Amino acid sequence: MLEARLEQASILKKVVEAIKDLVQDCNFDCNDSGIALQAMDNSHVALVSMLLRSDAFSPFRCDRNIALGINLGSLTKVLRACQTDDILTLKAEDAPDVVNLVFENKESDRISEYDIKLMDIDQEHLGIPETEYAATVTMPAAEFQRICRDLNAISESVSIECTKEGVTFKCSGDIGSGSIQLRGHSDVEKPENNVDIDLTEPVSLTFSLKYLVNFCKASGLSAQVKLCLSNEVPLLVEYSLQDNSNSYLRFYLAPKIGDEE
Amino acid sequence: MPRTRSSKSTKPPSNEANTTSDTTPSQSTSTSSALPPSVANPPKLFVLPKSASHHRSRIVTLENPANGTPSRYLFCPDSGFYEFTRLAAPKRQPRSWLLTTENEHNVQKNMKEEEETGEDEGRGERGDGGLGSAYITRSPDLFVATPIDTLFLLLPALAPKSPKQAKQHFLSFDDHMDALTSSNRHLRALLAQHPFLRAKMEKRMAACCDTVDAGEEPMYRLSTEKLLVILVKKAERICKAGFPKSMEDQFVKPALEMPVMSVRREETSISIVSTTTTSAADEQDTIAPIVVAEAAESQSSTTTTTTTTTTTPTATPSSDSQTTALTTPEDDPPPLTTPPSIPPLLRLRTAITYLLNAYIPLTLHTPLLALLSSSPNLPSFTPLDTHLATLSKLKAQAAALRSISDNMSRKRGYDDDDEEKMAEREEKKRKREEEERRRKSESRGVRQLKKVDTSGMKKLSAFFTKVPAKK
């Protein structure tokens, strides 16, 4: 039996909104530590991993490990019926056919309830070790989104270079080329505008911009985004889901190696 | 109790020429006392002969005479060897067995006395009766033990090792047995345990071999003629009871099916008369020529019919009229009916083919088949061959006609749809539909990402190790 009450329904809404363009169906793995999700895109070059720890919910109860195989399109449809400040409760039996979602509106005493049919999803599960990255860049999520969007207009791929001077996003396409450089910067008034670069060795990697643009759909989840890079290792783009909690939404993207134009 | 079993025989042994008849090497299984969630090596269900004395019977591994692979056989000291035939449910209709005991006492009694009336199968659990000790096996395979002629098991030793090997030598029985037991350890053990088995085997060997006496000891060499006679006798016995319907449907009917020709109705009415004569004229031993000759003669002349019927087999004038009847319709449209002599011949050949494929070493196939077509005192298959040849010609014609007239609806009308193909097609269709559904449900973003050039990007599984999905 699973019962998880999430005060901010918007978190789940935004998560699903962000990943539904990357994967179609995925398993929400529920256990007593929380709700986790891992899925790859069709080409298996990108991976999304979400963890909503049990302390993000109040209360959270999960007696057995349950995998809720959900079509994200269906989930999106149902979550559209949920208002941003609603309280969301997820419920499921131990061997469920459906997952039950209840939206409570605090002001109007309106309770809406939906069931989504579950599906059996056979997914590969990858074990991702905690890695020490050569470079970690923390920056405003909106800034990262803007960079990706702007460069996407010029080229297919972007090279991200981290040196001790700062981080540079470079691209070149048919019409020409572009580059954006950011330096470390701290804003006392507005800490969400900080740019923080933590570097142990210089890194330069190339990534597909379409994928990065896709990841940026999660920008609404958090003010800051963390980019972790190491040479010849997938890029990690992390959005934290609640301030000061360990819940996160992470994207991994394989770098472009070898033949570049 | 060493294995799950039931001794109610569902089929008479003569039906061993069944459709799915590979004797798979079956593990002798053991059941544990506790009921685990899923056993790695689940018990198998056997139908053992009533007559076999179960206490002394053994499952042994012997060389399969047809292909030389080690296969399981049941050996009973009283009644000889049995082979296992696996009856499996069709792939498209997966089934399982639920094995229950009517009551535990009954089963134990069955074990001891080999008397059984019901269909209850015991799992041999010393637990409570009823469903509590029931067992579900996932595979619906049923292994039926049917007697096998010891002769077949001897063949690997007797057959030439390669098709090119020249004349074989006469060898003593012991030499032959040495050759046989060198690869069959179990057989050696059996021979040591049961001395009378030796005599039995020697008798069977004598039945299919030429013998010479060299001093005290008789020497044996395989005689293909004798073996063929035995085979044909066996095949005839299979045919005598008639084929079961499924076999009739698979082997006999489709082979003899007349293609539907929509033309030349008028001509065919003539040909019916003439062709019965052609086919019957070939069949010298049957009664048919007498009747036909009679008819032919009554057409040509006005001799009395009573005398001809008695004398026709030797009478020259009637055979003359036969040959004329035979030559004239040669160019006429072929027959639209199957002569009555054909189906039995086809059945016989099907049976012989089956026996060859199932029991006879490959090296013996060609000499046996050659002998079969040339041997005078065995049934001749020439009428069957000619009939089948005309049929295939007809069918090709019909197919050609059909492909002109209606190639839309009968696209696959000609090749026979066996179950496998149907299943495959259905599977494909299902996959396609699923794919379609997925494509429809996928969001715009997912579709967009499909167009992304991912060259130079490794799959993530190249970076991260796969772990089995947590449940």
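Convention: sequence-line order gives letters A, B, ...; per-chain numbering from 1. Values in this document were obtained by computation on a predicted structure and should not be read as measured data.
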Once you round to the nearest 0.5 Å, how far does [atom1] of [X] lie from [atom2] of [Y]?
X         : Y         : atom1 : atom2 : value
Phe463(B) : Ile128(A) : CZ    : CD1   : 12.0 Å
Leu47(A)  : Ser461(B) : CG    : OG    : 10.0 Å
Lys210(A) : Gln448(B) : NZ    : CD    : 7.5 Å

Near [X] [atom1], under 6.0 Å, is it more than 12 heavy atoms from other residues, nucleotides or ligands?
X         : atom1 : value
Lys170(A) : NZ    : no
Lys226(A) : NZ    : no
Glu232(A) : CD    : no

message = I'd like to know which of Leu449(B), Thr454(B), Thr465(B) tops the heavy-atom pair count under 4.5 Å against chain A.
response =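 The option with the most such pairs is Leu449(B).
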
Sequence-distant partners of Glu201(A), side chain to side chain donor-acceptor pair (under 3.5 Å), two or more places apart = none

message = Taking 4.5 Å as the heavy-atom cut-off, does anything in residues 32-45 of chain A contact chain B, and if so which residues?
response = Met40(A), Asn42(A), Ser43(A), His44(A), Val45(A)

request  = Indicate yes or no: at least one non-hydrogen side-chain atom of Met457(B) is less than 4.5 angstrom from one of Leu253(A).
outcome  =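 Side-chain contact under 4.5 Å: yes.
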
Val23(A), part contacting chain B, at a heavy-atom distance under 4.5 Å = backbone

message = Restricting to non-hydrogen atoms, name the atom on Leu460(B) and the atom on Ala46(A) that form the minimum distance, rounded to 0.1 Å.
response = CD1-C, 3.3 Å

ask   = So does Asp21(A) pair up with Arg447(B), basic N to acidic O under 4.0 Å?
value = no

request  = Just jot down the ring pair (Phe, Tyr, Trp, His ring centres under 6.0 Å) partners of Tyr211(A), sequence neighbours excluded, or say none.
outcome  =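 With neighbours one apart ignored, the set is empty.
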
request  = Under 4.5 Å, counting heavy-atom pairs only, tell me which of Thr76(A), Asp122(A), Leu126(A) racks up the most with chain B.
outcome  =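 The residue among Thr76(A), Asp122(A), Leu126(A) with the greatest pair count is Leu126(A).
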
key: side-chain contact (heavy atoms from CB on, under 4.5 Å) against Thr69(B), all qualifying residues, sequence neighbours excluded   =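 By the side-chain contact (heavy atoms from CB on, under 4.5 Å) rule, Thr69(B) matches Asn64(B), Asn67(B), Ser71(B).
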
ask   = Side chain, backbone, both or neither: which part of Lys450(B) has a non-hydrogen atom closer than 4.5 Å to chain A?
value =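 The side chain, not the backbone.
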
